[in-house]
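Beneath this line is the structure, given in structure tokens, with notes to follow.
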Amino acid sequence: MRTVAVVGASLAGLSAARSLRKRGYDGRLVVIGDEPHRPYDRPPLSKEFLAGTLGEADLALEREEEDLQAEWVLGTRATALDGTERAIRLADGRTVRADGVVLATGAAARTLPGTDGLAGVHTLRTLDDARALRDELALGGRLVVIGGGFIGAEVASTAKALGLDVTVVEAAPTPLAGPLGADMGAVVSALHADHGVRLLCGAGVKGLSGERRVDAVLLEDGRTIPADLVVVGVGATPCVDWLHGSGVALDNGVTCGADGRTTLAGVVAVGDCANWYDPRTGTHRRVEHWTGALERPDAAVATLLAYGAREPGVPRPPYFWSDQYGVKIQFVGHAAGADTVTVEEGSLAERSFLAVYRRAGTPVAALGMNQPRLFTRWRKQLAATS
């Protein structure tokens, strides 16, 4: 291959570029990113960066001495892919032609309809999002977080520590029931009440009120929650609209094999936009986690450089972590399909425990709260037996 283009300049794209060079690719390497920033670390955006304890320079993912000999095309988004010629059209009118393409365009935060132009309403996905939200949190007041997932919970935790009055509104009966199951989701989300944050579950949002700036969140049950600031954390949508008509199959992202290969020869996908096949469950799954964006690109790059003539391996079980209210939460595996979950060590009441999920007696996932050493052993065990 004379030219490889990586579309996406966040962690997954950077990891792919690194893997290309590590595996001996010495041709032209073009990295395209819609943000103007060089690759930066996203997890701290909802925690240390938002709290003001971490600066922008600390977010940099590239090492000072690192030089990938890449052409960086930043601040312009990809608008189309010609699958026949592997030509990537950019919003600024340029076209990048490549022999191989890595799709790493990530996902975009979902918004609430009708909130455009209403001051005080934020999502948190990018560095620019975090800058704007950090400035407003510094003013204090009443914050309503819509969505009790991990991003929403981390923002609530950070805001509470900064002295804001915080309410979390979650449409589902139990926050985090999807990734953790209902029982453990209830345990983890109890951290809000432990620290004086109101949690309203089973509460759908009807809309927001305010002339130029938000002043309240209106719930479907008729309640009104006063707000000086609102953060919408209701998930993300894979950035794949630009791929329609390219020949790349799409279904909740880019449909991939277990090694990132797509339906178009010479094109692989990684990161939050990639819906990889999981041999363990026999289903496709998008893994929106930092560790997946770090590790999986190497398998995809190996497939790309081998022109697809490579047997796919089994990806490691998905792993993610979250820091909320001073508690470290770690999870590995798949909670869906587990028929039991048992506490193996520690205490739920003390928010320090290790729980194991099993299906027909076989461990399929583990959750730790403030149990990093024991959790690490279980993570290794699940990877070895999967």
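Being a predicted model, the structure only gives us computed values, none of them experimental. Note that these values count all heavy atoms, side chains included, but never hydrogens, waters or copies made by symmetry. For this chain, numbers begin at 1 and follow the sequence in order.
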- [ ] Compute the ring centroids of Tyr325 and His192, then answer whether they are less than 6.0 Å apart.
- [x] yes
Open item on the list: In the structure I gave you, are the side-chain heavy atoms of Glu344 and Leu374 within less than 4.5 Å of one another anywhere?
Closed with: no
Open item on the list: Are Thr111 and Val232 packed together at the side-chain level, in the sense that at least one heavy-atom pair is separated by less than 4.5 angstrom?
Closed with: no
Check: [X] side chain, [Y] main-chain N or O, donor-acceptor pair, under 3.5 Å:
X: Arg351; Y: Leu191; answer: no
X: Thr53; Y: Glu48; answer: yes
X: Thr263; Y: Gly247; answer: yes
X: Arg213; Y: Asp228; answer: yes
X: Arg359; Y: Pro363; answer: no
X: Ser347; Y: Glu350; answer: yes
X: His284; Y: Cys256; answer: yes
X: Arg296; Y: Gly271; answer: no

So does [X] have more than 12 non-hydrogen atoms from other groups sitting under 6.0 Å from [atom1]?
X: Asp135; atom1: CG; result: yes
X: Glu211; atom1: CD; result: no
X: Glu56; atom1: CD; result: yes

TODO: Flag the pair Asp272 and Arg125 as a salt bridge only when some basic side-chain nitrogen lies within less than 4.0 angstrom of an acidic carboxylate oxygen.
DONE: yes
Task: Criterion side chain to side chain contact (heavy atoms under 4.5 Å, CB included) against Ile146, the qualifying member of Val230, Val231, Ile225 - done: Val230
- [ ] Answer with yes or no whether the side chains of Arg97 and Thr3 bring together a donor and an acceptor at under 3.5 Å.
- [x] no
TODO: With Arg77 as the cation and Trp242 as the aromatic partner, state whether NZ or CZ is under 6.0 Å from the six-membered ring centre and within 45° of the axis.
DONE: no
